[in-house]
Amino acid sequence: MSERSKVAEFVSFCIEMFAKAKRLSGDKVAAVFQSCGAIDYLDSGYDVLHTQGERWLVSDLEEFLRIRGVSA
C-alpha cells in the first residue's frame, strides 16, 4: 500500500470514528472536516497522529474544531 493510500485510509477512519463518537453521519463529518481544514490537518499530521488511540484522536479533533469555532 502506498503512503498516499495509507493517509487516505487514516483520514477515512478518523471521519467514521468521529461520526460514530458524535452520532453523526459520515457525510456530515466529512463535510465539516473539509470546510474547516481538519482533513488537511489529519493529512499533514499523519506520521504522528496515526499512532494515537481512538479516544485521543476524538478529543484532539474536538479541540481542533473548537479552536476554529466549529461545532459538530
Side-chain angles (χ1 to χ4, degrees):
M1 183 181 286
S2 73
E3 187 72 13
R4 243 2 278 150
S5 294
K6 289 178 185 178
V7 172
E9 186 176 290
F10 173 70
V11 170
S12 178
F13 165 76
C14 288
I15 289 169
E16 291 302 318
M17 174 197 53
F18 194 86
K20 182 178 176 185
K22 297 299 182 179
R23 298 181 182 185
L24 299 168
S25 73
D27 290 341
K28 165 78 173 164
V29 172
V32 169
F33 279 17
Q34 183 65 41
S35 70
C36 72
I39 290 177
D40 292 335
Y41 168 70
L42 293 169
D43 183 2
S44 65
Y46 170 77
D47 288 339
V48 172
L49 295 174
H50 86 279
T51 65
Q52 303 302 315
E54 289 183 25
R55 284 199 284 181
W56 187 92
L57 285 167
V58 168
S59 177
D60 188 55
L61 287 164
E62 287 172 335
E63 179 71 5
F64 182 92
L65 296 175
R66 186 190 64 73
I67 289 169
R68 282 154 183 77
V70 177
S71 63

Worksheet, complete the sentence: Note: Ile39 and Ala30 closest approach over all heavy atoms is CD1-O, 4.1 Å
Worksheet item: Mind checking whether Leu42 and Leu61 have side chains closer than 4.5 Å, heavy atoms only?
Response: yes
Discussion item. Is there a side-chain contact between Phe33 and Val70 in this structure, where contact means two heavy atoms from C-beta onward sitting under 4.5 Å apart?
Written reply: no
Worksheet entry | Test applied, side-chain contact (heavy atoms from CB on, under 4.5 Å); reference residue, Phe18; option that passes from Leu57, Leu65, Val32 | Leu65
Worksheet item: Going through the distances and angles, do Thr51 and Trp56 end up as a side-chain contact (heavy atoms from CB on, under 4.5 Å)?
Response: CA-CA 10 Å; Thr51 65; Trp56 187 92; over 6 Å; no
Worksheet entry | Residue pair Glu9 / Met1, side-chain heavy-atom distance below 4.5 Å | yes
Discussion item. To the closest 0.5 Å, what do you measure between SG (Cys14) and CD (Gln52)?
Written reply: 10.5 Å
Worksheet entry | Leu24 CG to Glu16 CD distance, which is reported to the nearest 0.5 Å | 11.0 Å
Item to complete: Fit a plane to each ring of Tyr41 and Phe64, take the angle between them on a 0 to 90° scale, and name the class: parallel (under 30°), tilted (30 to 60°) or perpendicular (over 60°).
Response: parallel
Practice prompt. Report yes if the side chains of Arg4 and Asp43 come closer than 4.5 Å at any heavy-atom pair, otherwise no.
Written response: yes
Worksheet item: If we only count heavy atoms from C-beta on, is the Glu3 to Tyr46 side-chain gap below 4.5 Å?
Response: yes
